[in-house]
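A quick note: this is a predicted structure, and the numbers were derived from the prediction, not measured.
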Amino acid sequence: MRQSSLVVVANRLPLDDSAAPDGACEWRRSPGGLAGALHAILQQTGATWVGWDGTVGEARPLPDLGSLRLRPMALDEDETRGYYEGFANGTLWPLYHDAVESPVFDRGWWETYKAVNRRFAEAAAEVAEPGATVWVQDYHLHLVPQLLRELRPDLLIGFFLHVPFPPPELFMQLPRRVELLRGMLGADLVGFQRPQAAHNVAQLAAKLLGAQGADDAIVLEDRVVRTGAFPVSIDVAEMRSLSARPYVINQARKLRHDLGSHKRVLLSVDRLDYTKGIEHRLTAYAELLRDGLVKVRDTVVVQVAVPSRERVETYRGLRDRIEREVGRINGEYGRVGEPAIHYLNQPFDRADLAALYQTADVMVVTPLRDGMNLVAKEFVAARRDDTGALVLSEFAGAAAELEDAFQVNPHDVDGLKETLLRALSADPADLAARMAGMRRYLTDHDIHAWARDYLTTLSFSSQSRTASIGSAQSGPRIRS
């Protein structure tokens with residue numbers, strides 16, 4: 001394979017994997033996700049993407065996607081269980097999401113995770129030109145930056161964490177915390193969704209590694225590691241163009257007719273994951289129905305739950321619980337031909353998602369914890385006018401940017417009920433002002449702005465590696 005001046009290293013390749021044996025769909029371009037975020041940037045850029053194609057066994061040869069070259073990585077059954085299902089999604093994922101589910105600490109998983117990270121680093125080193133930029137993505141590959149630096153010290157290395165980074169007291173639970181932290185800090189620039197994450201890492205670097213510096217620059221041995229918040233976004237222009245297509249407009253009209261033209265439609269689009277707050281949302285809606293505050297004759301819920309990690313027992317159990325609860329609510333409150341909830345456990349393509357976004361009166365995005373949540377941004381961008389309401393968890397990274405949403409604590413079921421009622425009954429002029437403000441914000445803070453900001457800062461990090469050491473050492477100390 002030819003070498004590239006830009007190499008993206010991620011757990012998964014940017015492919016539609018709806019037929020993958022584990023049912024995972026987070027790498028479809030919808031809803032949200034890394035592939036969707038980077039698609040617009042790499043579409044016209046000569047780059048190589050190193051990643052797994054989602055199948056267990058030997059890696060299949062793959063054609064280029066336009067100017068993007070693909071370097072597939074193979075994972076066997078033991079690696080899939082230990083690295084992907086195990087340490088990445090059984091240990092790090094729950095811990096990084098406030099331990100909503102208890103993380104599992106398994107020594108065998110760690111050894112597999114370490115071995116797979118080394119293979120990813122070796123693959124990146126192989127395809128990167130001299131002095132190339134390598135952009136490592138997310139919690140699956142925490143160790144790659146340092147491993148890559150040891151293999152290819154000539155490279156400019158960036159690392160971006162798409163999920164939340166936990167507070168120090170949670171991260172300290174990890175048995176391999178020093179190796180994970182040092183691995184991530186092998187990058188020249190470590191990017192996060194929110195500033196608090198950079199502060200958490202600075203505290204941990206001081207405590208565990210004896211580093212000095214501040215929230216935006218950590219001096220580790222003879223290097224300066226830049227850190228900062230770079231909230232990821234979407235291709236706003238692409239979503240607006242998609243939403244204006246005749247198919248999408250006609251499909252939205254048909255959906256509205258099928259759901260009931262007179263009804264208020266509440267929509268949620270989530271990956272099927274315990275961090276997304278689906279069960280809390282169902283509880284709140286069931287209580288609104290029970291108390292007569294909403295009625296099936298005038299309101300309907302559409303819940304899209306995209307299948308995810310179906311080989312993992314925790315996710316199978318979640319799916320079963322949600323399906324039972326939807327069945328109970330429909331059995332108790334639905335009427336013939338009028339379910340209270342339309343539940344769709346299937347992937348959706350982007351055009352059909354855009355039609356759903358246009359159909360909704362209220363978009364309900366209430367994760368218990370989320371690094372960003374691009375679905376909230378997609379909904380705003382897909383609206384062809386300033387109608388519609390967005391109910392948004394204050395624990396999603398997007399809440400810091402979409403301040404005009406109806407923000408809510410999803411753990412507070414009573415507060416969630418009150419917020420849903422507020423959104424349903426809001427004055428149209430208030431909704432228009434809120435939506436116009438969010439649309440303006442997204443126009444100025446789209447995926448292209450995100451990429452420019454991160455890659456420009458990464459380039460600056462390269463230019464100032466040596467010069468910054470002195471200033472960082474004499475700068476402010478880590479805040480406690």
Asker: Suppose we call two aromatic rings close when their centres sit under 6.0 Å apart. Are Y315 and Y274 close by that rule?
Answerer: yes
Asker: Taking the side chain as every heavy atom from C-beta outward, state whether F105 and R176 have any pair of such atoms under 4.5 Å apart.
Answerer: no
Asker: Is it true that the side chains of H445 and E401 contain a donor and an acceptor less than 3.5 Å apart?
Answerer: no
Asker: Find out whether I234 and V236 are in side-chain contact, i.e. whether some heavy atom of one side chain is under 4.5 Å from a heavy atom of the other.
Answerer: yes
Asker: Of all the heavy-atom pairs spanning V269 and M363, show the shortest one and how long it is.
Answerer: N-CE, 3.8 Å
Asker: Run the salt bridge (Lys or Arg N to Asp or Glu O under 4.0 Å) check on R81 and E77 step by step: do they pass?
Answerer: CA-CA 6 Å; R81 291 191 181 280; E77 182 66 34; 2.9 Å; yes
Asker: Rounded to the nearest 0.5 Å, how far does CD of Q251 lie from CG of L353?
Answerer: 11.5 Å
Asker: Taking 4.0 angstrom as the limit, do D361 and R256 come out as a salt bridge?
Answerer: yes
Asker: Indicate yes or no: at least one non-hydrogen side-chain atom of F348 is less than 4.5 angstrom from one of L356.
Answerer: yes
Asker: Are a donor atom and an acceptor atom from the side chains of N409 and D412 found within less than 3.5 Å of each other?
Answerer: no
Asker: Within a strict 4.5 Å, meaning less than it, do heavy atoms of the V375 and Y357 side chains meet?
Answerer: yes
Asker: Any luck finding a side-chain donor-acceptor pair between Y83 and N11 under 3.5 Å?
Answerer: yes
Asker: Determine the minimum heavy-atom distance between M435 and G388, stating which atoms define it.
Answerer: CE-O, 3.4 Å
Asker: Can a salt bridge be assigned to the pair D216 and R226 using a cut-off of 4.0 Å between side-chain N and carboxylate O?
Answerer: no
Asker: Are the aromatic rings of Y84 and Y113 close, with centres under 6.0 Å apart?
Answerer: no
Asker: What are the two closest heavy atoms between N345 and L272, and how far apart are they?
Answerer: ND2-CD2, 4.0 Å
Asker: First locate atom CD of E403, then atom CE of M438, and finally report the distance between them rounded to the nearest 0.5 Å.
Answerer: 11.0 Å
Asker: Between N89 and Y139, does a side chain to side chain donor-acceptor pair (under 3.5 Å) hold up when you go through it step by step?
Answerer: CA-CA 9 Å; N89 289 307; Y139 64 101; 2.7 Å; yes
Asker: Side chain of R321, backbone of E279: donor and acceptor closer than 3.5 Å?
Answerer: no
Asker: Is it true that the side chains of R383 and T387 contain a donor and an acceptor less than 3.5 Å apart?
Answerer: yes
Asker: Can you tell me how far the CG atom of L255 sits from the OG1 atom of T359, to the nearest 0.5 Å?
Answerer: 4.5 Å
Asker: Can you find a side-chain donor-acceptor pair between S308 and R319 that sits under 3.5 Å?
Answerer: no
Asker: Between T419 (side chain) and V408 (backbone), is there a donor-acceptor pair under 3.5 Å?
Answerer: no
Asker: Ignoring hydrogens and angles, tell me if any N or O in the side chain of R369 forms a donor-acceptor pair with the backbone of A396 under 3.5 Å.
Answerer: no
Asker: Is the backbone N or O of R12 less than 3.5 Å from a side-chain atom of W49, with the two atoms forming a donor-acceptor pair by type?
Answerer: yes
Asker: For the residue pair F165 and R194, establish whether any side-chain heavy-atom pair is separated by less than 4.5 Å.
Answerer: no
Asker: Which of these, V134, I157, T48, sits in a side-chain contact (heavy atoms from CB on, under 4.5 Å) with V9?
Answerer: V134
Asker: Any donor-acceptor pair under 3.5 Å linking the side chain of N373 with the backbone of A376?
Answerer: yes
Asker: Has E58 got a side-chain atom pairing as donor or acceptor with A74's backbone, closer than 3.5 angstrom?
Answerer: no
Asker: Over all heavy atoms of both residues, which pair between P145 and A187 is shortest? Give the atoms and the distance, please.
Answerer: CB-N, 3.5 Å
Asker: So P72 and R60, do their side chains get closer than 4.5 Å, heavy atoms only?
Answerer: no
Asker: Rounded to the nearest 0.5 Å, what separates atom CD in Q193 from atom CG in D370?
Answerer: 9.0 Å
Asker: Output yes when a side-chain donor or acceptor of T91 lies under 3.5 Å from a complementary backbone atom of V104, and no otherwise.
Answerer: yes
Asker: Does NZ or CZ of R434 lie under 6.0 Å from the centre of the six-membered ring of F406, at an angle within 45° of the ring axis?
Answerer: yes
Asker: Can you see which heavy atom on L392 is nearest to which on A405, and at what distance?
Answerer: CB-CB, 3.8 Å
Asker: For a quick test of your reading: what N or O donor-acceptor pairs under 3.5 Å do the side chains of residues 290-304 make, sequence neighbours left out?
Answerer:
unit_1, atom_1, unit_2, atom_2, d
Q303, OE1, R281, NH1, 2.8
Q303, NE2, D270, OD2, 2.9

Asker: Short question: side chain of N330, backbone of A340 - any donor-acceptor pair under 3.5 Å?
Answerer: yes
Asker: Please list all pairs passing the ring-ring contact (aromatic ring centres under 6.0 Å, His included) test where one or both residues lie in residues 226-270, with sequence neighbours left out.
Answerer: F230-Y454
Asker: Could you go through the salt bridge (Lys or Arg N to Asp or Glu O under 4.0 Å) check for R422 and E418 one step at a time?
Answerer: CA-CA 6 Å; R422 281 178 57 214; E418 293 168 6; over 6 Å; no
Asker: Using salt bridge (Lys or Arg N to Asp or Glu O under 4.0 Å), reason through D444 and R440 one step at a time and then give a plain yes or no.
Answerer: CA-CA 7 Å; D444 294 334; R440 281 195 302 272; over 6 Å; no
Asker: How far apart are the closest heavy atoms of D76 and D78, and which atoms are they?
Answerer: OD1-N, 3.1 Å
Asker: Go through it in stages, so that I can follow the logic: the residues are R69 and D64, the test is salt bridge (Lys or Arg N to Asp or Glu O under 4.0 Å), and I'd like the CA-CA distance, side-chain angles, deciding distance and then a yes or no.
Answerer: CA-CA 5 Å; R69 295 188 290 276; D64 295 347; 5.7 Å; no
Asker: Could you check if a side-chain atom of L95 sits within less than 4.5 angstrom of a side-chain atom of S102, using non-hydrogen atoms only?
Answerer: no
Asker: Counting only N and O atoms by type, is there a donor-acceptor contact under 3.5 Å from the side chain of T275 to the main-chain atoms of L368?
Answerer: no
Asker: Quick one: are W450 and I447 in side-chain contact, heavy atoms under 4.5 Å?
Answerer: yes
Asker: Does the side-chain contact (heavy atoms from CB on, under 4.5 Å) test come out yes or no for I329 and L289, once each step is laid out?
Answerer: CA-CA 9 Å; I329 294 170; L289 289 168; 3.9 Å; yes
Asker: Identify which one of L402, L390, V232, V365 satisfies the side-chain contact (heavy atoms from CB on, under 4.5 Å) criterion when paired with K377.
Answerer: L402
Asker: Can you list the steps and then say if R240 with T443 is a side chain to side chain donor-acceptor pair (under 3.5 Å)?
Answerer: CA-CA 10 Å; R240 287 177 178 167; T443 299; 2.9 Å; yes
Asker: Could you go through R328 and R324, starting from their C-alpha distance and side-chain angles, then the distance that decides it, and tell me whether this counts as side-chain contact (heavy atoms from CB on, under 4.5 Å)?
Answerer: CA-CA 6 Å; R328 184 192 71 79; R324 282 197 302 269; over 6 Å; no
Asker: Within this structure, what is the CD-CG distance for the pair E169 and L204, rounded to the nearest 0.5 Å?
Answerer: 9.0 Å
Asker: Report the distance from atom CD1 of I322 to atom NZ of K276, rounding to the nearest 0.5 Å.
Answerer: 12.0 Å
Asker: Centres of the H142 and F159 rings: under 6.0 Å?
Answerer: yes
Asker: Answer yes or no: is there a donor N or O on one side and an acceptor on the other, between the side chain of S243 and the main chain of A382, under 3.5 Å?
Answerer: yes
Asker: Is a donor from one side chain sitting under 3.5 angstrom from an acceptor on the other, for H162 and D138?
Answerer: no
